[in-house]
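As structure tokens, the structure follows; a few thoughts come after it.
What you see is a predicted model; the values in this text were computed from it and never measured. Numbering of ligands and ligand atoms starts at 1, following listing order.
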Amino acid sequence: MSFVTETARRIPVFREVDVLVVGGGPTGIMAAAAAARQGLSSLLIERSGFLGGAGTAGGLSTFCGLHSNVHGEHVRTVGGMVPELLDRIDKLGGLRRPHLSFADRIMAQAYDIPAYRLAADQLVLASGAEILFHTFAVGLLMKDDAHIDAVIVETKEGRFALRARFVIDASGDADVAYWSGAEFEKSPPNEMLYPSTMFRINNVDGARAGAAWKTLPQMMDAAVAAGREPFPRRGAIVRPQRDDIEWRANATQLRTPEGLALDGTRIEDLSAGEIQGRQQAQEVFEFIRDNHAGFERSYIVDIGPEIGIRETRRIVGAYQLTEEDVLGGVDFDDAIGINGWPVEAHVDGNVEIRWPHGDAPRGYSQLPYRIMVAPAVSNLLVGGRGASMTHGGHSAARVSGPCFAMGHAAGVAAAIALEDGVSAASVDIAKLQSRLAEQEAILEVKEDMKESVDK
Ligand SMILES: Cc1cc2nc3c(=O)[nH]c(=O)nc-3n(C[C@H](O)[C@H](O)[C@H](O)COP(=O)(O)OP(=O)(O)OC[C@H]3O[C@@H](n4cnc5c(N)ncnc54)[C@H](O)[C@@H]3O)c2cc1C
């Protein structure tokens with residue numbers, strides 16, 4: 001690669017805030033709102049023109065990880081501002097009752113994407129936080145090795161600096177942590193979770209489609225086995241949205257010419273993936289339309305605005321959440337939330353689900369605060385899918401529910417760090433847990449919660 005040299009230039013400081021949150025996915029939404037509700041000036045920046053992260057930009061339309069299967073009972077195990085978010089989506093007419101997923105073992109909940117975008121705007125703005133859309137963080141200025149001074153952003157108006165006393169990296173790719181020099185890891189391309197392009201189908205005759213979520217994957221697998229179709233993966237997830245007229249399809253898998261997972265931090269991979277994903281969406285859709293009852297008059301109403309990236313950089317924090325923690329239902333002294341979603345590994349050509357050990361297990365593990373702490377940087381927390389988890393731990397705790405929980409905790413922890421004048425690593429855990437409990441975060445499942453089962 002050849003190089004050019006950029007001339008040094010003065011960068012205007014566009015905002016000076018207490019807390020800057022980079023990335024408006026589930027983690028960033030809750031982090032920005034939580035910090036603002038603690039009385040801090042809180043700024044959320046997002047490179048797109050809407051919130052929701054992969055949940056909207058990736059076209060997902062289902063919340064996973066809001067519930068746990070606790071000894072056979074389905075309990076909502078993410079609290080904090082999540083009920084308020086669900087309520088706002090519901091008031092917009094955009095929420096379906098939770099449904100059972102993956103062999104009926106765990107609950108998930110479908111939502112309409114525009115309603116989620118609207119509700120997320122409302123929740124964040126009601127908290128007092130400010131949002132800047134179309135603002136792409138591209139680098140950092142450090143005060144010294146351990147302190148971030150400002151985040152550099154590119155916008156249509158040009159380059160700005162956003163100065164913050166504390167930064168929460170909710171970019172999903174741990175961008176800020178990466179620029180700060182914090183330690184991170186990335187699975188090798190033959191192990192990284194494969195990305196997918198999501199799409200939705202409209203004008204489905206729901207009555208005739210029936211339980212197509214069971215029959216379609218079998219039909220697709222049979223077509224591949226018979227050599228009639230080259231679908232890229234087994235385990236297609238196809239489900240109705242709020243109304244049975246509209247269905248979502250999570251059925252594609254994006255790979256390099258060598259068959260490896262595309263890398264969501266490389267522009268050539270991202271570009272090839274967008275094209276490949278839309279092509280696969282068309283092929284899968286045409287099979288569904290031409291082969292399954294109820295889909296004859298259907299059409300693709302939307303393809304995710306961008307490909308869905310499941311895994312890229314993960315920081316190596318003060319602790320790494322492991323697959324064994326998830327499957328063993330491990331508790332932590334510094335718990336800040338709960339994850340009840342199983343390991344959902346999008347491996348080459350398939351989706352593997354691994355469940356907590358034992359018969360009728362407790363069904364969840366706690367999320368330790370330390371997975372958000374990048375020890376070398378004192379005014380930074382990294383939440384969501386960029387947090388400190390092994391590949392296996394991440395394969396479970398990367399879904400929306402635990403990301404909401406991490407974001408909430410990161411916003412409150414930032415406030416405590418600033419109030420007490422301590423680093424992220426030295427936040428008083430008892431204080432954090434008691435504030436989270438006051439704000440109805442769920443750190444453990446109690447008997448009386450089983451009354452509030454959504455079935
Ligand atoms: C195909 C696919 C299907 C999935 N299905 C489900 C599902 O059904 N249910 C579920 O709950 N989870 C699902 N997941 C997982 C889940 O959506 C994500 O893991 C989750 O959204 C991660 O949340 P996050 O806040 O860490 O990051 P993200 O949701 O990735 O949000 C990060 C945000 O930061 C922004 N951003 C990134 N870099 C910058 C930057 N430098 N400057 C400014 N903004 C930036 C992005 O635009 C994005 O909005 C799926 C994931 C994929 C890829």
Side-chain angles (χ1 to χ4, degrees), residues 20-32 44-67 78 99 101-102 106-111 116-117 120 131-140 151-155 162 168-179 193-199 233 237 239 248-254 261-262 264-265 273 277 304-314 339 341 344 346 351 372 382-387 389 394-407 410:
L20 174 65
V21 180
V22 176
T27 313
I29 291 169
M30 293 306 171
L44 172 57
I45 62 164
E46 167 55 49
R47 68 179 167 165
S48 307
F50 49 83
L51 301 179
T56 53
L60 312 190
S61 64
T62 322
F63 292 127
C64 298
L66 297 184
H67 301 84
V78 184
H99 62 271
S101 195
F102 292 140
I106 191 83
M107 276 189 163
Q109 186 159 22
Y111 56 83
Y116 181 16
R117 289 178 181 171
I131 307 171
L132 284 175
F133 287 120
H134 302 287
T135 302
F136 199 158
V138 294
L140 286 186
V151 171
I152 308 296
V153 297
E154 292 290 356
T155 76
L162 304 173
I168 297 173
D169 182 345
S171 66
D173 299 317
D175 283 354
V176 178
Y178 173 63
W179 298 320
L193 298 182
Y194 281 71
S196 296
T197 293
M198 302 284 293
F199 64 98
R233 77 171 224 220
I237 304 165
R239 297 289 305 211
R248 67 181 173 281
N250 178 347
T252 64
Q253 192 172 78
L254 311 177
L262 290 181
T265 60
E306 58 184 50
I307 60 174
I309 300 297
R310 293 190 168 86
E311 180 185 5
T312 55
R313 303 182 196 106
R314 295 172 270 103
N339 172 50
W341 197 249
E344 181 191 332
H346 288 251
V351 186
M372 300 194 293
V382 183
R385 70 176 174 82
M389 308 184 264
H394 167 280
S395 299
R398 65 187 171 83
V399 295
S400 305
C403 289
F404 284 133
M406 283 188 250

(Q) Please work out, at 4.0 Å between heavy atoms, whether the side chain, the backbone, both, or neither of A170 comes within that distance of ligand 1. (A) backbone
Q. With atoms numbered from 1 as shown, which atoms in ligand 1 lie under 4.0 angstrom from a non-hydrogen atom of I309?
A. 53 (C)
Q. Out of A54, G24, G386, whose heavy atom is nearest to atom 29 (O) of ligand 1?
A. A54
Q. Do S196 and R310 meet the criterion of a side-chain donor-acceptor pair at a distance under 3.5 Å?
A. yes
Q) If you count the atoms of ligand 1 from 1 in the order shown, which ones are under 4.0 Å from a heavy atom of F63? A) 11 (O)
Q: List the closest protein heavy-atom neighbour of atom 27 (O) of ligand 1: residue, atom name, distance to the nearest 0.1 Å.
A: G172 CA, 3.9 Å
Q) Can you find a heavy atom in the side chain of V351 that is under 4.5 Å from one in the side chain of Q253? A) no
Q | Separation of M389 CE from S395 OG (nearest 0.5 Å) | A | 9.0 Å
Q: Could you tell me whether ligand 1 has any atom less than 4.0 Å away from a heavy atom of P26?
A: yes
Q) Tell me: protein heavy atom nearest atom 49 (O) of ligand 1, and distance? A) E46 OE1, 2.6 Å
**Q.** Residue and atom name of the nearest protein heavy atom (relative to atom 37 (C) of ligand 1), distance in Å to one decimal
**A.** S171 O, 3.3 Å
Q: Could you find the nearest protein heavy atom to atom 34 (O) of ligand 1 and give me its residue, atom name and distance?
A: G23 CA, 3.1 Å
Q. With under 30° as parallel and over 60° as perpendicular, where do the rings of F63 and Y116 fit, or are they tilted in between?
A. perpendicular
Q | Identity and distance of the protein heavy atom lying nearest atom 26 (O) of ligand 1 | A | R385 N, 2.9 Å
Q: Consider ligand 1: state whether an atom of it lies below 4.0 angstrom from any non-hydrogen atom of C403.
A: yes
**Q.** Smallest separation among heavy atoms of A177 and D169, with atom names
**A.** N-OD2, 3.0 Å
Q.
I need the nearest protein heavy-atom contact for atom 9 (N) of ligand 1: residue, atom name and distance, please.
A. T62 O, 2.7 Å
(Q) For the CG atom of L51 and the CD atom of E46, what is their distance to the nearest 0.5 Å? (A) 6.5 Å
Q: Taking atom OH of Y178 as the centre, report whether more than 12 heavy atoms of other residues, nucleotides or ligands fall under 6.0 Å from it.
A: no
**Q.** Protein contact of atom 11 (O) of ligand 1 - nearest heavy atom, named by residue and atom, plus distance
**A.** S400 OG, 2.6 Å
Q. Quick one: CD1 on I45 to CZ on F133, what's the gap to the nearest 0.5 Å?
A. 12.0 Å
Q.
Heavy atoms only: which of V151, V399, L60 lies closest to atom 14 (N) of ligand 1?
A. L60
Q) What part of T135 sits under 4.0 Å from ligand 1 if we count only heavy atoms: the side chain, the backbone, both or neither? A) backbone
Q.
Ignoring hydrogens, what is the shortest heavy-atom contact between R313 and D173? Give both atom names and the distance.
A. NH1-O, 2.9 Å
Q: State, to 0.1 Å, how close L262 and G273 come at their nearest heavy-atom pair, and which atoms those are.
A: CD1-CA, 3.3 Å
(Q) Pairs of nitrogen or oxygen atoms closer than 3.5 Å, one from C64 and one from ligand 1: do any exist? (A) yes
Q | Shortest non-hydrogen contact between A57 and P305, atoms and distance | A | O-CD, 3.1 Å
Q) Under 3.5 Å, is there a donor-acceptor pair between the R233 and N250 side chains? A) yes
Q | Taking atom 44 (N) of ligand 1 as the reference point, the nearest protein heavy atom with its distance | A | R47 N, 3.2 Å
Q) Which option, R398, M406, R310, owns the non-hydrogen atom nearest atom 1 (C) of ligand 1? A) R310
Q: Would you mind telling me if ligand 1 is within reach of the side chain of D175, the backbone, both or neither, using heavy atoms under 4.0 Å?
A: side chain
Q) Which pair of non-hydrogen atoms, one from R398 and one from E344, has the smallest distance, and what is that distance? A) NH2-O, 3.1 Å
Q.
If you compare all heavy atoms of L44 against all heavy atoms of G24, which two are closest, and at what distance to 0.1 Å?
A. CD1-CA, 3.9 Å
Q: Only heavy atoms count here, so choose which of A397, A137, G401, S196 is nearest to atom 42 (N) of ligand 1.
A: A137
Q) Which atoms of ligand 1 sit under 4.0 Å from any heavy atom of G384? A) 26 (O)
Q | Part of T197 within contact of ligand 1 (heavy atoms, under 4.0 Å) | A | neither
Q. Of all the atoms in ligand 1, which lie at a distance below 4.0 Å from a heavy atom belonging to G53?
A. 29 (O), 31 (O), 48 (C), 49 (O)
(Q) List ligand 1 atoms under 4.0 Å from T27, heavy atoms only on the residue side. (A) 24 (P), 25 (O), 26 (O)
